[in-house]
Protein chains: 2
Amino acid sequence: MTSKDVAAAAGVSRSAVSFAFNDPAKIADSTRQRILAVAKELGYTPNPVARMLQQGRTRSLGVLLPQDLPQIMENPYYSQFFVGLGQVCHREGLTLLLTPPLRNSMLKAIPYAAVDGFVVCGLEVDRGEVAELRRRGIPFVLVDSDPPEGVPSVDVDDQAGAREVVQHLLDLGHRRIAVISFDPGPDKEAYGYRGPLARRMAGIREALAGAGLAMDDLPLIEVPCTREDGYHAAKNLMLLDEPPTALVTLSDILAVGAIDAMHDLGIDIPGQISITGFDDQPEAAWVRPRLTTVRQPIIAKGRVAGDFLISAIRGETQHPHQVLHTVLIIRESTGPIR
Amino acid sequence: MTSKDVAAAAGVSRSAVSFAFNDPAKIADSTRQRILAVAKELGYTPNPVARMLQQGRTRSLGVLLPQDLPQIMENPYYSQFFVGLGQVCHREGLTLLLTPPLRNSMLKAIPYAAVDGFVVCGLEVDRGEVAELRRRGIPFVLVDSDPPEGVPSVDVDDQAGAREVVQHLLDLGHRRIAVISFDPGPDKEAYGYRGPLARRMAGIREALAGAGLAMDDLPLIEVPCTREDGYHAAKNLMLLDEPPTALVTLSDILAVGAIDAMHDLGIDIPGQISITGFDDQPEAAWVRPRLTTVRQPIIAKGRVAGDFLISAIRGETQHPHQVLHTVLIIRESTGPIR
DNA sequence: CTGAAAGCGCTTACAG
DNA sequence: CTGAAAGCGCTTACAG
């Protein structure tokens, strides 16, 4: 069922059919009504892909994701990010295409996506994605990355957030601080820390330096970002000869696991150990004791990324780079050293 | 930058360029390498939309959603559903197009989406969506709806779930039971209860009947599905002359709000009142007291919907209709009538 | 193994 | 106000 069939049935040209749907001013209203009636009867509506090809736009925003869809969807971080991005889609009447890596490659996923532009998430190591998007002339915005010059990007001041939370522990008198980090991935060997993780590490280092401590003085465990891994990492740290009096985790999910571990070990929080998170996801306020953590404005991040992308799609040629602030949220899981 | 440019630069025909990308067997390997090198140098990759038009497939699954993106993304139900659907996308190497209503209409959103098929969520009142999808010949699966004959669909046995949770309260001796339901929307006037809500109401009615009670004997409040609304609804119910001894809520979110309200009123759960939820979302196990609720297998629902859609896209002409089971999860928020 | 041609279904100047 | 024609960028039988 094509516009040709409708044109034939209505006794008009294909242009007239197109005008009936897209540009009513160009044909007589009576003709338009007749065409629309015939179209309805025949069950015709314009083919969206053909229309996209012709118009050169898809009315869809892409999100280029660093992990497979199930992993992304399990992560409450992305739910919040998509709320912000969703606000922009809603305002602009656009759909959202979730584009996970294809055969383990973000790069390979790019050429298959029919979108007007991409929000690129968590691109810690650029394997040519930026060059590919540039070459294709697809507008894009980088989020949670190490943004190169001349590319719109949105980030959070992870460094200040990490610095402040560690400073908070130092102020409470803690010196035996351990760090539970999420896994930097296989690229650490080749590239060192990158993106938000690098900034958080830098913030920790900065605060420690102020107290005459170095990163190397601290136990550091790197694990996948799950509650279970946080649990085991925390348990292992407490088995050390000199167990820490404070645990800095780089994600609320890890922190919640660490809290579970202390419950099981019968260790009081914050009486015997202080624990901090990062992100301020909803469960940070649910867990007992309520979690001291670094809040980052995830929804705002998604919204700003969406706004930047819209403006890039419209051809505005600035390359805005916004850094959103974090806030230290002090709750019940931290206290003075006993 | 099109295949024509690459063909010219490489001194071959456009077919050769296409073969180099899609059908290596059809050209000499040396030619292929040359073409690919030229393409790389020129920054050419095939236009995805043109390819979709030609091949008649998009390698993308659509989800036709009943609400705007921000609302969907705030709802943990959909996060879980997308995990299941994401598993199928991952297995098949497909992207996921989130398609919210366009100008408040699910129907209007359909003709703009470039997808191979749709998972249609929560279509409680069919305003022509099913007819439209059929006419266009787009494969689809209905989820959480009142599925008509001859359409693949996935549902949950809401009726049994609701029946069992009410029976549980009756068994504990409760007779003064109140119901907090999520809003049936503006269509209730015209159509009565529909879809999962209708089934849950039927289940409640069924259990009550066994104890000689009728729905009309019970206070019923219908509110939007937020924690705040659950809070206020619960508070209002406790102001009745004969306040309930048990609160049946039709969503965990409402139940959590109701628990907050009891905390604020100084009413002990389950000593003075029992509260039940529906869905078994993660916070049901977090909240104190832990929530007695009806678990529905949301991830499995997403996965089955995806599988059915894949099989419909492949042209398998059965119309499977699967109903997944619920399980009553008894935790701490229900107890014998005092 | 390669090239010219048709066609996917649409939109939009352009001429009437 | 309408129609014939070109073109969006690709793929794929078909003939050589």
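Residue numbers start from 1 in every chain, and the chains themselves are labelled A, B, ... in the order their sequence lines are given, proteins ahead of strands.
Val49(B) comes within contact range of no nucleotide atom at all, as no heavy-atom separation falls under 4.0 Å.
Mapping Ala50(B) and Ser13(B) onto DNA chain C via the closest heavy atom, the residue that lands nearer the 5' end is Ser13(B).
Running 5' to 3' along DNA chain D, contacts with non-hydrogen atoms of chain A at under 4.0 Å begin and end at dC1(D) to dG9(D).
Screening residues 142-153 of chain A for salt bridge (Lys or Arg N to Asp or Glu O under 4.0 Å) gives Asp144(A)-Lys301(A), Asp146(A)-Arg194(A), Asp146(A)-Arg199(A) as the qualifying pairs, with residues at least two apart or on separate chains.
The aromatic ring centres of Phe82(B) and Tyr78(A) sit 6.0 Å or more apart.
The separation of dC1(D) from dA5(D), taken at their P atoms, amounts to 23 Å, rounded to a whole angstrom. On the C1' atoms, dT12(D) is 16 Å away from dG16(D), given to the nearest whole Å.
Arg59(B) contributes a side-chain N or O that, together with a main-chain N or O of Glu92(B), makes up a donor-acceptor pair within less than 3.5 Å. For Arg34(B) (side chain) and Ala10(B) (main-chain N/O), a donor-acceptor pair under 3.5 Å exists by modelled atom type.
Electrostatic pairing of Arg32(A) and Asp23(A) does not count as a salt bridge here, judged by no charged N lying under 4.0 Å from a carboxylate O. Ion pairing of Arg127(A) with Glu132(A) is absent here, as no side-chain N (NZ or NE/NH1/NH2) approaches a carboxylate O to less than 4.0 Å. Salt bridge annotation for Asp68(B)-Arg91(A): absent, with no cationic side-chain nitrogen under 4.0 angstrom from a carboxylate oxygen.
Of the residues in residues 15-27 of chain B, those placing a heavy atom less than 4.0 Å from an atom of DNA chain C are Ser15(B), Ala25(B), Lys26(B), Ile27(B), in numerical order.
A 4.5 Å side-chain heavy-atom check between Thr58(A) and Val49(B) finds at least one atom pair inside the cut-off.
Across every strand in view, dA13(D) sits unpaired, with no contact that passes the Watson-Crick or G-U test at under 3.5 angstrom. Base pairing analysis places dA4(C) opposite nothing; no Watson-Crick or G-U wobble pair with both distances below 3.5 Å involves it.
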